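Let me begin by presenting the structure, written as structure tokens, before commenting on it.
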Amino acid sequence: MTGRHAWIDASAGVAGDMMLGALLDAGARLDRVQAAVEAVAPGSVRITVTEVTRAGLRAAKADVEALTDSPPHRTWTSIRAQLDAAGLPEQVRDRAVAVFARLAGAEARVHGVPAGDVHFHEVGALDSIADVVGVCAALHDLGIGTVSASPVAVGSGHVRGAHGRLPVPVPAVAELSRGWRVAADGPGELATPTGMALIRALAGVCEDLPAMTLDTVGVGAGGRDRPDRANVVRVLISAEKAAGPEQAVLLEANVDDLDPRLWPGVLTGLLDRGAADAWLTPIVMKKGRPAHTLSVLCTPERAAALREHVFAHTSTLGVRESPRIKTPLDRLFVTVRVRGAEIPVKVGHRDGVIVQVMPEFDDVAAHARALDLPERVVLQEAQSAAGAAGYTPGVTLPR
Ligand SMILES: O=C([S-])c1cc(C(=O)S)c[n+]([C@@H]2O[C@H](COP(=O)(O)O)[C@@H](O)[C@H]2O)c1
Ligand code: NI
């Protein structure tokens, strides 16, 4: 994935409105954010942003004002339908779905109900929609391709809510914290479920500030002003990301009982839904059974949807998931003419030096069929035509 990198500093805690404030402070346009929220929950909320101080630091405070007395649908199933129907940019929708899926999964486990039935409280549902969709729209507006985040301060003590007195970290935050570095780091509820769900769904990795050419810093305020520490989330955003390693997720499942005729459709379906790659490896499983490992490489944002696709379309009972680092070549396409036909050629380069020159094989095959020529002849001619235009491995890209 291309784009800038955002590192979220949640060392003083995190909540949805704090992240939204930080991204608006970093330059995300309020009208774009409001429009995305409006598309999901028309006429329901108005987002405003004001400048405040927290322990003497300037910060942007995002506020969500409810404009309606009639609450929106409140289950995860109905919010999912609203997100799907809103016509959001694909990246905004996918990220928002991933965040709500995390939140619903955590609440489902805590309360012992199916995720689809998880009930977002009436006012909370509007706040959550505005925070989650607003954050995802702001990331999109800022051109953020990848996200990572610091360890999170979750707080300590107790809070009062719909479930009475809850221990801090509240149960949903504790559930969402599994696999992340967290510490109490102070009294009170420092991390909310929505804030933690945003971190877990959007950030591929928990890390201290990664090396970057820093472009922008945004500071988002929490509700309370505490004298001992600034109640803020910071977001540090890189300049346009240099070509280099990016976060990826590898999903894997070993399967020994799927009708083999179904596999091509499974792989095509995964690629159609945004997997960067999907493949099968023959293996031998327990009891000497011939089987396959299904592997799916994808961005962290696509992982949840693709995991569900694997469950729905194969017979697996589980999916393994591991973070990976992927280093893609920068790419561009050029078109060459071979015997009257135009064939696109993919050129992979690193720092402006060409590494790979590969005619698109589907086009080569189609043209070979049309001319009744061997595919290898058309392939070679397309490669030669690209070379004649200056696209040869080892040379600098033509201007
Ligand atoms: O309403 C519910 S089910 C609820 C559950 C939990 C659990 O941890 S379970 C916690 N809370 C509290 O709601 C407020 C708002 O949280 P946001 O994530 O919407 O900002 C917060 O204080 C939670 O502790 C509610
Ligand atoms: Ni709850």
Side-chain angles (χ1 to χ4, degrees), residues 8 10 12-23 37 40-41 44-45 47 61-66 71-80 82-83 95-136 138 149 152-178 180 182 184-203 220-224 226 231-233:
I8 300 160
V14 64
D17 60 337
M18 293 167 84
M19 271 187 61
L20 183 56
L23 292 166
V37 175
V40 178
S44 301
V45 294
I47 301 170
K61 176 83 182 73
D63 283 297
V64 176
E65 181 193 346
H73 294 298
R74 295 169 291 174
T75 62
W76 164 219
T77 303
S78 55
I79 290 181
R80 166 84 214 235
Q82 280 176 267
L83 289 169
R95 283 175 163 166
V97 167
V99 176
F100 272 114
R102 284 269 182 173
L103 197 52
E107 290 282 349
R109 193 167 154 80
V110 167
H111 297 293
V113 296
D117 296 348
V118 161
H119 195 87
F120 294 98
H121 284 240
E122 296 178 7
V123 179
L126 279 179
D127 267 353
S128 288
I129 289 172
D131 289 347
V132 171
V133 176
V135 164
C136 297
V152 177
V154 294
S156 62
H158 293 86
V159 285
R160 278 214 167 270
H163 301 293
R165 192 168 185 255
L166 286 176
V168 174
V170 291
V173 168
E175 187 59 35
L176 286 160
S177 298
R178 294 199 290 159
W180 203 260
V182 290
D185 224 8
E189 184 183 26
L190 301 181
T192 66
T194 304
M196 200 68 205
L198 283 163
I199 296 263
R200 293 312 307 273
L202 300 176
R224 283 168 299 160
R226 305 155 59 112
N231 181 20
V232 296
V233 162

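Since this is a predicted model, take the numbers as computed values, not measurements. As the structure lists them, so they are numbered: ligands from 1, and atoms in each ligand from 1.
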Please name the atom of H111, restricted to N, O or S, that is closest to the Ni ion (ligand 2).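 Output for this pair reads NE2.
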Tell me which N, O or S atom of E107 sits nearest to the Ni ion (ligand 2).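 For E107, the N/O/S atom sitting closest to the Ni ion (ligand 2) is OE1.
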Considering all heavy atoms of both residues, which atom of A130 and which atom of V45 are nearest to each other, and what is their separation?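 Heavy atoms only, the tightest pair is CB-CG2, 4.2 Å.
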Closest heavy-atom contact between A96 and V133?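 It is CB-CG2, 4.4 Å.
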Show me which atoms of ligand 1 lie under 4.0 Å from any heavy atom of [X].
X: V170; value: 8 (O), 24 (O)
X: E189; value: 21 (C), 22 (O), 23 (C), 24 (O)
X: A172; value: 7 (C), 8 (O), 9 (S)

Is ligand 1 less than 4.0 angstrom away from at least one heavy atom of P171?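 Contact present.
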Going by heavy atoms, is H111 under 4.0 Å from ligand 1?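 Yes; H111 lies near enough to ligand 1 that a heavy-atom distance drops under 4.0 Å.
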Close side-chain approach of D131 and V64, heavy atoms under 4.5 Å: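 Contact flag for D131/V64 side chains = yes.
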With heavy-atom distances below 4.5 Å as the criterion, would you say the side chains of R95 and L202 are in contact?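 They are in side-chain contact.
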Given T194, T192, L166, V110, which one has a non-hydrogen atom that is nearest to atom 19 (O) of ligand 1?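 Considering heavy atoms of T194, T192, L166, V110, the nearest to atom 19 (O) of ligand 1 sits in T194.
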Under 3.5 Å: donor-acceptor pair, side chain of N231, backbone of R224: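 Yes: the side chain of N231 pairs with the backbone of R224.
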Does the T75 side chain pair with the main chain of V118, one donor and one acceptor, at a distance under 3.5 Å?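 No: the side chain of T75 does not pair with the backbone of V118.
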Applying a 4.0 Å heavy-atom criterion (strictly less than), which segment of E107 is in contact with ligand 1: side chain, backbone, both, or neither?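 The side chain, only.
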Decide if atom CZ of R109 counts as having more than 12 heavy atoms of other residues, nucleotides or ligands within a radius under 6.0 Å.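 Open: at most 12 neighbouring heavy atoms sit under 6.0 Å from CZ of R109.
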